[in-house]
Amino acid sequence: MTGQFFLFVFADSQAEWNTSQWRSLTISDGLNASGKHKARCIPINDFAQYGHDTVQAVVGPADVIVVQRNLLHPEIWKACDYWRGLGKLVVADLDDDYPHLTPQNPAYPFWILDKAGLKESLGYTPIEALTEGFKHVDELISPNELIIKDWQEVLPGFKGYWVPNYAHWPWYKELQQKPFNAETQRRGDAEAFIEEQIVIGWGGSVSHWDSWWFSGLREVVPEITAQYPRVMWKVCGGDQRIKQFFERLVPGRWIDQAGVPPEHWPAQVASFDIGLAPLCGPEYPQGERYDLRRSWLKAVEYLLTGVPWLGSEGIVYAKLDGKGGRTVENSPEAWYEALCDTVDNLAERKMESKRLMAWARDNLAMEHVVDQYVQIFNDIAAERNAAQGMRLPNVWYAGDIFGQTEELAGRVEVSVSGDDGDALAMVQAQTFRISKEWHEGIPLEYSAGSGSGQGRDAGPDPGRGLSLATILQYPLLTQVNTIAWESTSGS
């Protein structure tokens with residue numbers, strides 16, 4: 001599929017604008033900028049009014065509908081069912097481990113304590129409502145693979161795809177890596193102190209208290225500050241709890257940066273010399289579980305600005321480990337060693353990060369990965385269509401390759417007896433079952449346009465490697481044909 005129209009149904013309000021930026025607006029802007037596809041965003045409350053003429057006009061042209069998070073109300077479920085009935089691909093997008101929020105998270109009273117009274121008004125707790133909501137979409141996407149696995153355990157057969165968070169390239173394209181004078185650092189010139197501060201920075205929303213408290217990083221802040229007179233910590237965002245403990249731990253040696261609009265955030269990141277991405281460790285198991293289901297966005301931001309980074313070990317940053325930074329075991333000893341190593345070798349680390357800025361642009365900025373993003377939804381659509389028994393273009397099906405199973409079964413009904421007859425009947429039955437249950441609905445991938453022919457008329461090319469389904473079926477059919485031939489030929 002090409003030239004697709006994506007509709008992003010976002011859940012954030014202006015007062016809490018966060019996830020919807022990265023999962024809806026950034027993606028929409030990138031798709032539109034490509035010139036290949038179109039995209040639009042719509043509030044989830046408007047999406048629920050699917051019978052309204054304006055909503056019909058907005059949603060109607062969409063090929064793909066991505067509904068963010070709040071699949072919590074029957075009207076949302078009805079809207080999803082309605083548009084799915086018209087052939088739209090409707091997927092849910094979930095970026096947080098809502099069933100296991102911890103008390104430090106501002107959303108905990110809503111999702112876990114049900115302070116909004118959903119159980120009383122709808123008959124579902126928020127988590128129960130979300131679970132029901134997932135039954136009204138085709139598949140799930142998430143920036144964390146563990147979230148997908150969690151929900152597949154809750155809803156067996158529920159399919160999901162990892163779709164990472166990407167950055168909005170226009171906010172980064174004019175930024176340069178912060179310069180660093182290693183010679184001044186070695187001399188220790190007092191008059192150059194301000195210019196040559198080593199800024200160790202972090203920023204985030206108000207859900208990272210456990211990340212600091214149980215990662216092991218908090219304990220080494222005073223020690224690193226005392227050991228390196230040029231180090232200044234920069235704490236960005238609105239979490240006053242974290243800022244208060246910095247004031248207690250290292251008064252006068254940290255910078256208080258208030259929250260900024262999303263488009264100004266990359267410039268703040270670029271002011272860091274070292275970027276931090278701590279996650280809650282095993283000292284608090286529930287908090288560790290929650291933090292291991294975050295996205296890799298912090299490391300993405302550091303890579304795009306050429307900032308050497310350190311992040312807690314685990315699945316969140318594993319795919320970027322070694323690219324401009326590294327992951328760290330959640331212990332004070334490991335954080336101390338990693339920080340010392342990075343500060344002591346900062347010039348080298350910065351050169352490594354600078355070399356990776358172009359790679360980050362090409363692989364982590366939405367405007368540069370549009371084709372990869374759209375392909376994910378092509379795969380989802382193909383999977384859904386196959387499950388519904390639809391035939392897809394440029395795809396070979398079992399019937400095209402092996403003929404009708406009923407006819408094959410008839411051809412091998414030969415006169416054999418005893419053990420041979422039982423064996424043949426068993427093979428025939430197995431062949432017929434596989435064809436019925438597997439091949440009538442699931443296509444065999446076939447790449448048209450290569451080999452000696454083109455498209456469906458070219459015929460299957462065994463040298464090009466069909467899917468696992470072919471591999472499973474072909475030896476069985478061969479065995480059936482062999483038995484039939486040997487029986488009829490008298491060998």
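Throughout, residue positions are numbered sequentially from 1 according to the sequence presented.
- Salt-bridge check for R293 with D96: failed, with every basic side-chain N at 4.0 Å or more from each acidic carboxylate O.
- Between D273 and K234, none of the side-chain N atoms (NZ, or NE/NH1/NH2) sits under 4.0 Å from a carboxylate O, so this pair counts as no salt bridge.
- Of the charged side-chain nitrogens involved, at least one lies within less than 4.0 Å of a carboxylate oxygen, so that E132 and K135 count as a salt-bridged pair.
- Between D95 and R23 there is no salt bridge, since none of the side-chain N atoms of the basic residue sits less than 4.0 Å from a carboxylate O of the acidic one.
- Under the 4.0 Å criterion applied to side-chain N and carboxylate O atoms, D97 and R289 are assigned as salt-bridge partners.
- Taking 4.0 Å as the cut-off between side-chain N and carboxylate O, D81 and K78 do not count as a salt-bridged pair.
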### Message
Pair N330, S215 - check side-chain hydrogen bond (donor to acceptor under 3.5 Å, both in side chains), show working.
### Response
CA-CA 5 Å; N330 276 329; S215 63; 4.8 Å; no
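- A salt bridge does not link R361 to E367: none of the charged side-chain nitrogens sits closer than 4.0 Å to a carboxylate oxygen.
- Screening Y124, Y50, F134, Y82 against W77 for a ring-ring contact (aromatic ring centres under 6.0 Å, His included) leaves a single residue, Y124.
- Both the sub-6.0 Å distance and the 45° axial angle are not jointly satisfied by K319 relative to the ring of W296.
- Using cut-offs of 30° and 60° for the angle between ring planes, the F246 and W254 rings count as tilted.
- The aromatic rings of F6 and H37 lie perpendicular to each other, with more than 60° between the two planes, well past the 30° mark.
- Atom CZ of R40 is surrounded by 12 or fewer heavy atoms from other residues, nucleotides or ligands within 6.0 Å.
- Considering every non-hydrogen atom in both V66 and F377, the closest pair reads CG2-CE2, 4.0 Å.
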